[in-house]
Amino acid sequence: MSNRPAELIALVEAYTKDQGLFLTAGAPDPVYTDTIELDLGDVVPALAGPKRPQDRIDLPDVKKNFHTVVPAENQRSVAVARNGSSFDVKDGSVVIAAITSCTNTSNPSVMLAAGLVAKKAVARGLKAKPWVKTSLAPGSKVATEYFEDAGLLPALEELGFHVVGYGCTTCIGNSGPLPEDVGGAVSSQKLTVAAVLSGNRNFEGRVNPLVRANYLASPPLVVAYAIAGRVDIDLTTEPIGVDPGGKDVFLADIWPTNEEVEATVKQSVRGEMFQRQYAEVFQGDANWRNMKVPTGDAYGWDGASTYIKKPPYFDAMVDPETSVKDFDGVRVLAVLGDSVTTDHISPAGSIPADSPAGKYLVERGVKPSDFNSYGARRGNHEVMVRGTLANIRLRNQMAPGTEGGWTTYVPSGEKMFIYDAAVKYAESGTPLMIIAGKEYGSGSSRDWAAKGVLLLGVRAVIAESFERIHRSNLVGMGVLPLEFKAGENRQSLGLTGFESYRIEGVVEGVASGKATVTATAADGGVKRFEVKVRIDTPQEIEYYRNGGILPYVLRQLAAQV
């Protein structure tokens, strides 16, 4: 049905039959080492949120979950006038409802289920609420084709779910700004509003800077929440809306049966669609085909480009025989808590005009309306380093009372942007480090979470524990990951981050797994403690000795010439 090559299908069929995995009506049950019994009656629809994709919420409990963020008795509302009518934007209002390209839009059953929900809702006279920004961004043009074939696209468009493109949109912050009147209402009272999206990431500050509660849902539930217009609702018991005749409409009234979904998939998803759409997928449209393509074997860097700049990773190649050293006079750039994600660390989403990255672009003649996003400018390290540790929800305990990319520049005691402090430290040749709690670097595996801190001048991170891939990425960028001993952390050792640090025994530590840290406070008080060196494999030792994986690979290539 998805146009896989005939030889691949034959191979898979032959292999699975030979292994006893191919299911037929008369086949005996496979024999497994362990089995798990699951009562399908216990399975219920679920969302995830409001800040992390691993926080599951059963559908009936979403209302209760939101009320743990904003209790019902504390909820506020702002009246918004638009085109001669008015509506209220409240705490709990859904202001973004997006069917996005990631994860589940390759699954025709959930996509077509969303279309069927839309069709049934439109038939009952329901509409999306006027304060909801809706969008449909399939992962493939095939999805658009089977929506059209099934006759479901008009209903989706009637509810505002127009196809906006094919690629990463809302869950990486590419939904664009909220409508001006809605955004103004949210800002005026600092309302806690919500987004419901079918993406796979909803970390803090990622989806939209004005939206604090972000829930991941299946595509049909995204449509449902666009109609309901709020998350403080139990969609299993409360009406989703009212039809033109004044009759309550419940989610169950517009939810398709499994048989309807299956029949629609079988009717409207066909192999020739995939063959047709992917036959010319690399040709692009006329704009793409008419672009001037430079020639030559070496890339021609454009110094005026604000999108792509020559990166500095090879500017200061180190001697692997002498590169591993102790660190002295280290200052702390940030003291962070538990579960700091790579979204807190690396640049993601929109670029605020008053941020270091925004100011950099304005200085180069880029209008805020043309900033695009950090994701679009990931080829410009000058933009990205300014957006590192700049997440609007970051809480750096070295700048108490602030939220966002702030720190205290220790020599003067002045509060400033983390990037600005890093520049001042670099001017004096001061190495930097980060102190963190448990699960440092959890979430998406983001290369810029390691690249960015390196370019800020961070040479070590001491944490209670690391997410495994981010720890490896730090080593790959030449940043030393250190771990507090079991039972110890910043609080138990009495560390504030305002001390001057020395890290000793690094030369031996990359092999032995141990090093010693000395923290000297301004009043002369000294604390000395042992840490684990989390360079875990012989290959990682080689990366670290070379200053990271990029110089290491370059040396390997040069040796072959």
Side-chain angles (χ1 to χ4, degrees), residues 1-4 45 94 96-129 132-172 174-176 195-200 216-228 235 240-241 249 251 253-281 283-285:
M1 194 164 64
S2 56
N3 197 44
R4 294 297 193 275
V94 173
I96 293 176
I99 300 174
T100 66
S101 67
C102 31
T103 307
N104 53 22
T105 52
S106 293
N107 181 344
S109 63
V110 293
M111 292 293 279
L112 289 170
L116 290 168
V117 168
K119 183 177 181 180
K120 290 171 180 284
V122 169
R124 289 294 303 268
L126 301 181
K127 298 180 181 296
K129 295 297 187 289
V132 185
K133 183 173 186 175
T134 49
S135 61
L136 170 60
S140 165
K141 290 185 177 181
V142 174
T144 303
E145 187 168 347
Y146 62 61
F147 273 136
E148 291 173 336
D149 187 272
L152 299 176
L153 200 56
L156 285 163
E157 292 177 343
E158 181 75 16
L159 295 178
F161 288 95
H162 296 265
V163 175
V164 297
Y166 304 91
C168 287
T169 53
T170 301
C171 81
I172 193 56
N174 289 341
S175 63
V196 181
L197 55 147
S198 66
N200 57 18
L216 305 180
S218 65
L221 282 178
V222 170
V223 176
Y225 276 102
I227 296 168
L235 288 179
I240 194 173
V249 180
L251 181 61
D253 298 331
I254 59 173
W255 197 262
T257 65
N258 291 342
E259 290 75 18
E260 286 178 287
V261 174
E262 184 177 6
T264 306
V265 171
K266 286 184 175 179
Q267 171 191 323
S268 300
V269 183
R270 298 183 297 277
E272 62 265 23
M273 293 179 174
F274 292 85
Q275 183 178 17
R276 181 166 51 251
Q277 293 294 345
Y278 284 98
E280 301 177 353
V281 71
Q283 292 185 16
D285 63 9

To the nearest 0.5 Å, what is the distance between [atom1] on [X] and [atom2] on [Y]?
{"X": "Phe274", "Y": "Ser140", "atom1": "CZ", "atom2": "OG", "answer": "6.5 Å"}
{"X": "Leu112", "Y": "Asn107", "atom1": "CG", "atom2": "CG", "answer": "9.0 Å"}
{"X": "Leu152", "Y": "Tyr146", "atom1": "CG", "atom2": "OH", "answer": "10.5 Å"}
{"X": "Leu116", "Y": "Ile254", "atom1": "CG", "atom2": "CD1", "answer": "11.0 Å"}
{"X": "Lys133", "Y": "Thr170", "atom1": "NZ", "atom2": "OG1", "answer": "8.0 Å"}
{"X": "Ser198", "Y": "Leu136", "atom1": "OG", "atom2": "CG", "answer": "8.5 Å"}

How close do [X] and [Y] get, heavy atom to heavy atom, and via which atoms?
{"X": "Ala217", "Y": "Val196", "result": "CB-CG1, 3.7 Å"}
{"X": "Val110", "Y": "Pro219", "result": "O-CB, 3.7 Å"}
{"X": "Val269", "Y": "Pro108", "result": "CG2-CB, 3.8 Å"}
{"X": "Val222", "Y": "Ala98", "result": "CG1-N, 3.5 Å"}

With a 3.5 Å distance limit and no angle check, can you tell me whether Thr100 reaches the backbone of Gly199 through a side-chain donor-acceptor pair?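 Side chain of Thr100 to backbone of Gly199, a donor-acceptor pair under 3.5 Å: yes, one is there.
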
Under the rule for salt bridge (charged side-chain N to carboxylate O under 4.0 Å, His left out), what residues qualify as partners of Glu272, not counting sequence neighbours?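 Residues passing salt bridge (charged side-chain N to carboxylate O under 4.0 Å, His left out) with Glu272: Arg270.
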
Which residues satisfy the salt bridge (charged side-chain N to carboxylate O under 4.0 Å, His left out) test with Arg276, sequence neighbours excluded?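 Testing Arg276 for salt bridge (charged side-chain N to carboxylate O under 4.0 Å, His left out), a comparison that skips the adjacent residues, returns Glu145.
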
List the steps, then state whether side-chain contact (heavy atoms from CB on, under 4.5 Å) holds for Ile99 with Val223. CA-CA 8 Å; Ile99 300 174; Val223 176; 4.0 Å; yes

Going by the rule side chain to side chain donor-acceptor pair (under 3.5 Å), which residues pair with [X] if we only count those two or more places apart in sequence or in a different chain?
{"X": "Ser135", "answer": "none"}
{"X": "Asn3", "answer": "none"}
{"X": "Lys266", "answer": "Glu262"}
{"X": "Thr169", "answer": "none"}

Which pairs would a plain distance check flag for residues 153-168, meaning a side-chain donor or acceptor within less than 3.5 Å of a matching protein atom at least two apart in sequence or in another chain?
unit_1	atom_1	unit_2	atom_2	d
His162	NE2	Glu157	O	3.4
Tyr166	OH	Thr144	OG1	2.8

Could you tell me which residues satisfy side chain to side chain contact (heavy atoms under 4.5 Å, CB included) with Asn258, sequence neighbours excluded, listed by chain and number?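 So Asn258 forms no side chain to side chain contact (heavy atoms under 4.5 Å, CB included) with any residue.
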
Hey, are the side chains of Tyr278 and Val142 touching, using non-hydrogen atoms and a 4.5 Å cut-off?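 Side-chain contact under 4.5 Å: yes.
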
Dump the intermediate steps for side-chain contact (heavy atoms from CB on, under 4.5 Å) on Leu197 and Leu216, then the final yes or no. CA-CA 5 Å; Leu197 55 147; Leu216 305 180; 3.9 Å; yes

Report, one line per pair, each donor and acceptor closer than 3.5 Å where one atom sits in a side chain of residues 120-129; sequence neighbours left out.
unit_1	atom_1	unit_2	atom_2	d
Lys120	NZ	Glu260	OE2	3.1
Arg124	NH2	Asp243	OD2	3.1
Lys129	NZ	Ile227	O	2.5

